[in-house]
Amino acid sequence: MQENKVDHRSEVHVKAILFDKDGTLLDFTGMWGFWTDCVLRDFREQLAVRGMEMDEADLPQIWGTFHDERGRMNGYDVRGPLAMGTMDEVYAVLTWHGYRAGLSWAEAKMIVRACLEQAEEAMEVHRPAHPLPGVREFLGQSRSQGLKMGVVTADETASAVKHLQWMELDAYFDVVIGTDLVERGKPFPDMLLLACERLGVQTQQVMVIGDTDGDMEMARAAGAGCKIGIGEPGKIQLADLTIQTFHELLSGGLGR
């Protein structure tokens with residue numbers, strides 16, 4: 001990247017960077033694979049106790065996840081519910097599958113809630129949040145350049161702060177905006193607009209970095225200055241630029 005430029009077409013004076021959390025700052029599969037395996041294992045056990053079962057072939061359809069021969073999550077669809085949905089949406093999808101398996105809607109809700117609580121307890125013990133390659137270095141470089149930084153995530157704000165603390169990254173961020181702080185989550189612009197308001201910057205002065213087109217659409221709708229996707233080339237259609245790791249942003253910097 002050239003100084004004071006965030007893409008190859010237009011000059012944008014970047015004053016702030018807003019990051020998605022899962023799949024952008026932290027390893028999505030490591031974090032949510034652990035959580036998914038906990039929830040689905042407990043959920044299927046609860047179905048079995050009641051003489052019901054979930055077809056193995058249904059697993060990828062629940063949240064848009066990929067699984068190995070033992071049923072463990074080993075990848076995810078960046079267009080799917082787990083990658084792009086709010087936690088309430090993720091809960092509702094699993095409740096629907098419980099209903100399909102033969103539970104009443106009320107019973108399915110109660111079982112899903114219990115499974116989620118058990119998964120959260122396991123998460124607290126194991127803390128499976130790990131930064132992606134180059135994240136810590138990029139945050140340090142950006143901070144040294146005087147850039148403001150924030151997180152805009154489909155997760156709940158308290159959970160997002162906790163996960164950042166687990167990775168010892170929380171001190172880098174001036175603001176953390178979860179979907180619970182706005183009326184509409186991604187791909188709507190509400191979170192980005194709230195983050196800009198709290199940071200005291202204009203939307204056109206903001207770079208957004210995320211791993212899904214939901215992040216990019218949020219940035220486009222809000223009028224962000226630049227949209228950078230992180231992931232495999234071609235997977236994120238709406239980005240101005242796609243990188244595979246943060247190391248690609250380190251050498252050139254993000255001059256103001």
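R220 contributes atom CZ, which lies 14.0 Å from atom CG of D215 (distance to the nearest 0.5 angstrom). Here the straight-line distance linking atom CD of E89 with atom CG of L82 works out to 11.5 Å at 0.5 Å rounding. Here the CD1 atom belonging to I177 is positioned 11.0 Å from the CG atom belonging to D190, to the nearest 0.5 angstrom. For the atom pair L40 CG and C115 SG, the distance stands at 9.0 Å (nearest 0.5 Å). Here the straight-line distance linking atom CZ of R70 with atom CG of D37 works out to 10.0 Å at 0.5 Å rounding. Note that CE of M149 is 7.0 Å distant from CG of L147, once rounded to the nearest 0.5 Å.
Applying the side-chain contact (heavy atoms from CB on, under 4.5 Å) test to A119 and every residue at least two apart in sequence or in another chain returns W35, C38, V39. Partners of T157 according to the side-chain hydrogen bond (donor to acceptor under 3.5 Å, both in side chains) rule, which considers only residues two or more places apart in sequence or in another chain, are D180. Under the rule for a ring-ring contact (aromatic ring centres under 6.0 Å, His included), H130 has no partner lying at least two apart in sequence or in another chain. Under the side-chain hydrogen bond (donor to acceptor under 3.5 Å, both in side chains) criterion, T179 pairs with no residue at all, not counting sequence neighbours. K235 pairs by the side-chain contact (heavy atoms from CB on, under 4.5 Å) definition with E232, not counting sequence neighbours. For M216, the side-chain contact (heavy atoms from CB on, under 4.5 Å) test picks out D213, K227, I236, L238, A239, with sequence neighbours left out. Under the side-chain hydrogen bond (donor to acceptor under 3.5 Å, both in side chains) criterion, T153 pairs with no residue at all, not counting sequence neighbours. For Y76, the side-chain hydrogen bond (donor to acceptor under 3.5 Å, both in side chains) test picks out D211, with sequence neighbours left out.
Between D240 and C226, the closest side-chain pair of non-hydrogen atoms falls below 4.5 Å. When side chains are defined from C-beta on, I228 does not count as touching V208, because their heavy atoms never get closer than 4.5 Å. A heavy-atom distance below 4.5 Å is not found between the side chains of L25 and P131. Between M123 and M31 there is a side-chain heavy-atom pair separated by less than 4.5 Å. Two residues are said to be in side-chain contact when any heavy atoms from C-beta on lie closer than 4.5 Å; L18 and L192 meet this criterion. Considering only heavy atoms from C-beta on, M52 comes within 4.5 Å of L103 through its side chain. Taking the side chain as every heavy atom from C-beta outward, M167 and L26 approach each other to under 4.5 Å. Taking the side chain as every heavy atom from C-beta outward, L249 and I209 approach each other to under 4.5 Å.
The backbone N or O of G80 lies less than 3.5 Å from no partner atom in the side chain of W63, so there is not a single donor-acceptor pair. With hydrogens and angles ignored, the 3.5 Å screen pairs no side-chain donor or acceptor of E117 with any backbone N or O of A114. No donor-acceptor pair under 3.5 Å is formed between the side chain of Q46 and the backbone N or O of F43.
Of all non-hydrogen atoms in T36 and M73, the two that sit nearest each other are OG1-SD, 3.7 Å. Contact detail for M54 and D58: the closest heavy-atom pair is CG-CB, 4.2 Å. In terms of heavy atoms, C196 sits closest to V206 at SG-CG2, 3.6 Å.
Pairs of residues two or more places apart, or lying in two chains, that qualify as salt bridge (charged side-chain N to carboxylate O under 4.0 Å, His left out) and include a residue from residues 119-133 are E124-K162. The list of ring pair (Phe, Tyr, Trp, His ring centres under 6.0 Å) pairs with a residue in residues 204-246, not counting sequence neighbours, reads F138-F246. Identified under the side chain to side chain donor-acceptor pair (under 3.5 Å) test for residues 18-29, with sequence neighbours left out: D20-T24, D20-K186, K21-D155, K21-H163, D22-W32. Screening residues 96-107 for side chain to side chain donor-acceptor pair (under 3.5 Å), with sequence neighbours left out, gives R50-E107.
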So L47 and E53, side chain to side chain contact (heavy atoms under 4.5 Å, CB included) or not? Walk me through it. CA-CA 6 Å; L47 289 179; E53 62 179 18; 5.8 Å; no
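F188 and F19 end up in different hydrophobic clusters when Ile, Leu, Val, Met, Phe, Trp and Tyr side chains are linked at under 4.5 Å. Placement of F173 and L132 within a single hydrophobic cluster is found when ILVMFWY residues are connected by side-chain heavy-atom separations under 4.5 Å, directly or transitively. When the side chains of ILVMFWY residues are joined at heavy-atom separations under 4.5 Å, either directly or via intervening members, I243 and V14 end up in a single hydrophobic cluster. L193 and L199 are assigned to two separate hydrophobic clusters, defined by single-linkage of ILVMFWY side chains at heavy-atom distances under 4.5 Å.
Remark: D174 does not engage K148 in a salt bridge, criterion side-chain N to carboxylate O under 4.0 Å. Between D77 and R79, at least one side-chain N (NZ, or NE/NH1/NH2) sits under 4.0 Å from a carboxylate O, which counts as a salt bridge.
The only option from L169, I17, L164 that meets the side chain to side chain contact (heavy atoms under 4.5 Å, CB included) definition with V151 turns out to be L164.
Annotation: R72, atom CZ; neighbour count of heavy atoms from other residues, nucleotides and ligands within 6.0 Å does not exceed 12. No more than 12 heavy atoms of other residues, nucleotides or ligands shown are found within 6.0 angstrom of CE on M110.
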